[in-house]
Structure formats: C-alpha cells, structure tokens
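Below: the structure, in structure tokens.
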Amino acid sequence: MNSRVKAVRVVRHGLVLSGLAVALMGTASPAGHAQDVTSREGIALQDQILALKQTMSQMQASQGDGGALPPPSATPGHSTAVNGDLVSQLLDRVSTLEQQQRDMRGEIDQLTNDLQQKTAALSKQVADSQFAAGAGASAGGAAAAAAAPAAAEPAARPTTPDALLSAGKAALQKRDYDTAHDNAEAALKSAKGAFRVDAQFLLAQSLAGQKQYRQSAVAYYDAYRQSPKSGRAPDALLGVSASLLALGDKKSACEALGKLNNEFPSPAPRVAHAAEIYGRKGGCN
C-alpha cells in the first residue's frame, strides 16, 4: 500500500514538473528556435505526461471505493516484485523528465540572452544611422548656406545666336518649353545660315512641347523649307508628321511622310524607324 502511494505521489510530482516545463516553453520562448522546441520536445513531453496520467488513473482505479487494493496474486512474492519494478520505472521516468526540464530551461535562458544581445546591437545600429543622417543633413545645410550668396547672383543672359541656341537646347532638355521658345525667337532675330535653321527647328520643338501642334507643324515645315537638303530636313518633315498626327490629321501626316520617303529614300536608321512608327499610327500605305 505504501509503495503504491509513494508511486502516485512521485507521478504527481513528475506531472507538476512536466507541466511547468510545458508552460515555460509556451510563454518564455523569445525566438523562432524556442518555438521549434515547443513543437518537438514539448509534444514528446506531453505524450510522456499522458502515459503517466494513464498509469496513475489505472492505479487510482485499482484502489476502488475506499482505497481497496486489487485482488492478491497467487504468488505474493511475484506481485511485490512487480510493484517494486513499477515504482522504480516511475521514479526513473520522473528523473528523466526533471532532467529534460532543466535542459529546456537552460536553452530558454540562452535564447533569451541571445535575443537581448541582438536587440541591443540593433538599437545601436538605428541610433548610429539616425546620428549619421542628422550629421549629413547639417552638413548639407551648411554647404547650401555657404553656396547661397554665389547662387543668388543672376547669370548673364545670352545674347549671341550661338549662346541663345545653347541655352534654348538646355532648357528643352529640362522640358522648360517656355524658356526654349523665348531663346529660339531671340536667336531668330539675328541668326543666319545654319544657325537660323537650328533656331527655327528649336522653335518648332518648343511649340510641340507646349502642345501647340498646329503652330509646331508650320514651324517644322519652315525649318525644312529654309534648307531642304540639309541634315535637319528629314527631322523637320518627321516633326511635321508628328504634329499633324497629334492634331488627328492622318491624311496630311501621311503626305509629309511620303515627301520624306521620296526626297530621302535612304535616311538615317533613326529617321527610318521613326517614319515607320508614324506610318503605322497614321495608317499610311
């Protein structure tokens, strides 16, 4: 009777310790590896605990009402040996579970320490990045302040046709079509020869950028008429076709492409590719 009571108490002690181990794994896991422990070792412990519960239930059921023992065996000595073996097995099982609990606790403590170290390192990196960003902003502000007096000085306005064309082309690249338009018109007042053709072409480009397509078509055609055999002529006819397509006048756009193909049967690949695209858009034969 005393052996069975002792065994029940040992089992209950093992269940309490095992329950603590499972609770620790469920609440103290700080990282993904701790969750893996919960999913593997935790399940194994639960299986062992269930087996112990079943053993304890069988022992309690065997006591019956009033705590009576099961019928004695025909060989009392053999029964005593069996009970002794059962107690020994239960004690070994509880000892094993206690050792597993200690091992899991040590692993949880190690994971917690690793997480704290990584968190501290990450916090330091964030702080360093914020400091570097603030220092960069301060340096940039100081540099801008130092350069402000020089930037405040107005740049000299171009006056020659060459300078006006250079400034107008730079403005066109920045999509500052108004400035490009003003420079083109100023250059046209005094430009001659190739400079005048370039100024006329720049004017057409600025008008197209301003979406004044009817005026740009006229300006492109004027650039073509001023020098129908120059290198600007094919581009000017392309500009005429593109402006007319933007206006929805596909018939006139195809006529401009036909003139381009007739007068320049072997254009540059860039011009030929653009003409093919415009031809498809206009439905040209």
To the nearest 0.5 Å, how far apart are [atom1] in [X] and [atom2] in [Y]?
{"X": "Tyr278", "Y": "Lys250", "atom1": "OH", "atom2": "NZ", "result": "15.0 Å"}
{"X": "Lys211", "Y": "Ser243", "atom1": "NZ", "atom2": "OG", "result": "13.5 Å"}
{"X": "Lys174", "Y": "Lys169", "atom1": "NZ", "atom2": "NZ", "result": "15.5 Å"}

Shared hydrophobic cluster, Leu203 / Leu238 (ILVMFWY, side-chain heavy atoms < 4.5 Å)
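No: no chain of side-chain contacts under 4.5 Å links Leu203 to Leu238.
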Quick check on the hydrophobic clustering: are Val240 and Tyr224 connected, directly or via other members, by side-chain heavy-atom contacts under 4.5 Å?
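Yes, it is one cluster - the side chains of Val240 and Tyr224 are joined through contacts under 4.5 Å.
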If you compare all heavy atoms of [X] against all heavy atoms of [Y], which two are closest, and at what distance to 0.1 Å?
{"X": "Leu245", "Y": "Gly282", "result": "CD2-CA, 3.7 Å"}
{"X": "Ala219", "Y": "Leu207", "result": "CB-CD1, 4.1 Å"}
{"X": "Pro267", "Y": "Ala272", "result": "CG-CB, 4.0 Å"}
{"X": "Leu260", "Y": "Ala275", "result": "CD2-CB, 4.0 Å"}
{"X": "Ser227", "Y": "Val197", "result": "CB-CG2, 3.9 Å"}
{"X": "Leu257", "Y": "Ser241", "result": "CG-OG, 3.4 Å"}

Is the backbone of [Y] close enough, under 3.5 Å, to the side chain of [X] for a donor and an acceptor to pair up by distance?
{"X": "Arg196", "Y": "Leu188", "value": "yes"}
{"X": "Ser252", "Y": "Asp249", "value": "no"}
{"X": "Gln200", "Y": "Tyr220", "value": "no"}

Among residues two or more places apart or on two chains, list those pairs meeting disulfide (SG to SG under 2.5 Å) that have a residue in residues 227-271.
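The answer is Cys254-Cys284.
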Side chains of [X] and [Y]: does their closest heavy-atom pair fall under 4.5 Å?
{"X": "Leu165", "Y": "Phe195", "answer": "yes"}
{"X": "Asp198", "Y": "Leu202", "answer": "no"}
{"X": "Leu244", "Y": "Tyr213", "answer": "no"}
{"X": "Thr159", "Y": "Leu164", "answer": "no"}

Sequence neighbours excluded, every pair satisfying salt bridge (Lys or Arg N to Asp or Glu O under 4.0 Å) that has a member inside residues 259-272:
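The answer is Asp235-Arg270, Lys259-Glu263.
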Counting only heavy atoms not in Tyr177 (residues, nucleotides, ligands), do more than 12 fall under 6.0 Å from its OH?
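Yes, OH of Tyr177 has more than 12 neighbouring heavy atoms, counting only those of other groups under 6.0 Å.
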Heavy-atom neighbours of Arg280 CZ exceed 12 at 6.0 Å
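Check passes, neighbour count above 12.
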Going by the rule side-chain contact (heavy atoms from CB on, under 4.5 Å), which residues pair with Asp178 if we only count those two or more places apart in sequence or in a different chain?
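By the side-chain contact (heavy atoms from CB on, under 4.5 Å) rule, Asp178 matches Asp176, Gln210.
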